[in-house]
Amino acid sequence: MNWEVIPEVFFDVVARVVPGSVLLLAALLVSEGPAEGGRELIKYLSGATFGTGLVFVLFAYFIALILKQIWDLIELRLQKKKGTNDPDPLYKIYCDIKAKDQPGRVELPDTRIVISCISRSLPDEGLRLLKIQAEKNLCEVMLAGLPVLLLFGVWQLAREPRLGLAWLLFALVVCVASFFSWRAGLETLFRHDLCALWRLLEVAGKDFVITPVKEG
């Protein structure tokens, strides 16, 4: 068995299948209402087969992929709109860490190269970074999809006021705030750990760092 594919499968499940599935189920509850949607879900699960389950998982996976692309596009547009000349946050964190023991000019390679080196030289830390990335991706997919469900739910509520739907929308608002806070914490943790681990490899010496082969 190829054990190297396990981290990739873990990332796909946590970062894509899980949020995509949750959003699809939430969409059912918002469109039909919590009570009716719950009955529809139980009916679906009671008659589900391997084929229908596989289709659901694949659909959830691709929904998450699309939402992640939307999130990245919006984030890129917002960064360009700021028009700031500040250096990359990773670079600033790395400068602060390295300046403590080696002042002067510093260089930080591309993030993908840094992650590849850490994963090969420190496998356990590489897996931990992968876990953080997967959880951050989960948050971003949810933050891209939940506002759409909220707008649809508000439209549904305006057409036909229902107490159950109102409580469901309130729960979705709480979820948006929670995922936003969770993502912010993960982003800070990932940046600091990435820079600290890269500095550790530099201090340990060239023999400890495994330089990856550049693609292309």
Side-chain angles (χ1 to χ4, degrees), residues 1-31 34 37-38 40-76 110-150 152 168 171-172 174-194 197 212 215:
M1 180 177 180
N2 185 7
W3 295 100
E4 293 181 357
V5 304
I6 292 180
E8 298 179 13
V9 173
F10 169 82
F11 184 90
D12 285 336
V13 171
V14 174
R16 296 179 179 131
V17 175
V18 170
S21 301
V22 172
L23 287 172
L24 288 176
L25 295 177
L28 174 63
L29 296 179
V30 170
S31 62
E40 289 291 331
L41 178 60
I42 294 174
K43 181 180 177 181
Y44 169 79
L45 292 176
S46 62
T49 62
F50 176 79
T52 55
L54 182 61
V55 170
F56 177 83
V57 169
L58 290 176
F59 192 52
Y61 180 89
F62 285 109
I63 286 290
L65 280 179
I66 294 171
L67 290 173
K68 182 62 170 67
Q69 292 299 316
I70 293 174
W71 171 271
D72 290 341
L73 180 62
I74 294 174
E75 190 175 42
L76 182 61
D110 182 80
T111 303
R112 290 171 295 181
I113 296 178
V114 174
I115 294 175
S116 178
C117 286
I118 292 173
S119 298
R120 296 185 184 190
S121 302
L122 300 168
D124 290 341
E125 295 298 332
L127 290 175
R128 193 169 67 85
L129 288 176
L130 179 69
K131 178 178 179 294
I132 296 174
Q133 279 186 302
E135 292 176 356
K136 189 165 75 74
N137 197 104
L138 182 151
C139 292
E140 292 170 353
V141 170
M142 296 299 292
L143 288 172
L146 285 176
V148 178
L149 292 181
L150 278 170
F152 178 67
L168 177 60
L172 292 181
V174 173
C175 287
V176 170
S178 300
F179 280 116
F180 185 82
S181 177
W182 187 14
R183 182 196 176 276
L186 290 170
E187 181 74 15
T188 301
L189 178 64
F190 178 78
R191 287 174 174 172
H192 279 85
D193 284 6
L194 190 72
L197 289 169
E215 297 181 0

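Here the structure is a predicted model, which is why all the values come from computation and not from measurement. In what follows, residues are counted from 1 in the order of the sequence shown.
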Could you tell me whether the side chain of [Y] reaches within less than 4.5 Å of the side chain of [X], counting heavy atoms only?
X      : Y      : value
Leu129 : Ser119 : no
Ile132 : Glu187 : no
Leu23  : Leu67  : yes
Ile66  : Ile70  : yes
Phe179 : Glu140 : no
Ile63  : Phe59  : yes
Leu28  : Tyr44  : no
Phe10  : Leu127 : no

Counting N and O atoms only, with roles assigned by atom type, does the side chain of Ser181 sit under 3.5 Å from a partner on the main chain of Ala177, one being a donor and the other an acceptor? no
Drop me the distance from [X]'s [atom1] to [Y]'s [atom2], to the nearest 0.5 angstrom.
X      : Y      : atom1 : atom2 : result
Leu41  : Leu29  : CG    : CG    : 7.0 Å
Leu189 : Glu135 : CG    : CD    : 9.0 Å
Leu197 : His192 : CG    : NE2   : 12.5 Å
Phe11  : Leu130 : CZ    : CG    : 6.5 Å
Leu24  : Phe56  : CG    : CZ    : 5.0 Å
Ile115 : Arg120 : CD1   : CZ    : 13.0 Å

Taking all non-hydrogen atoms of both residues into account, name the closest pair between [X] and [Y] and its distance.
X      : Y      : answer
Leu149 : Val30  : O-CG1, 3.9 Å
Leu186 : Lys136 : CD1-N, 3.6 Å
Met142 : Pro147 : O-CD, 4.1 Å

Non-neighbouring partners of Ser178 that pass side chain to side chain donor-acceptor pair (under 3.5 Å), sequence neighbours left out: none
For residues 14-22, tabulate all N or O donor-acceptor pairs below 3.5 Å that involve a side-chain atom, not counting sequence neighbours.
residue : atom : partner : partner atom : Å
Arg16   : NH1  : Asp12   : OD1          : 2.5
Ser21   : OG   : Val17   : O            : 2.7

Should Asp124 and Arg128 be marked as a salt bridge (charged side-chain N to carboxylate O under 4.0 Å, His left out) after you check the CA-CA gap, both sets of side-chain angles, and the distance that decides it? CA-CA 6 Å; Asp124 290 341; Arg128 193 169 67 85; over 6 Å; no
Within a 6.0 Å radius of atom CZ on Phe152, are there more than 12 heavy atoms belonging to other residues, nucleotides or ligands? yes
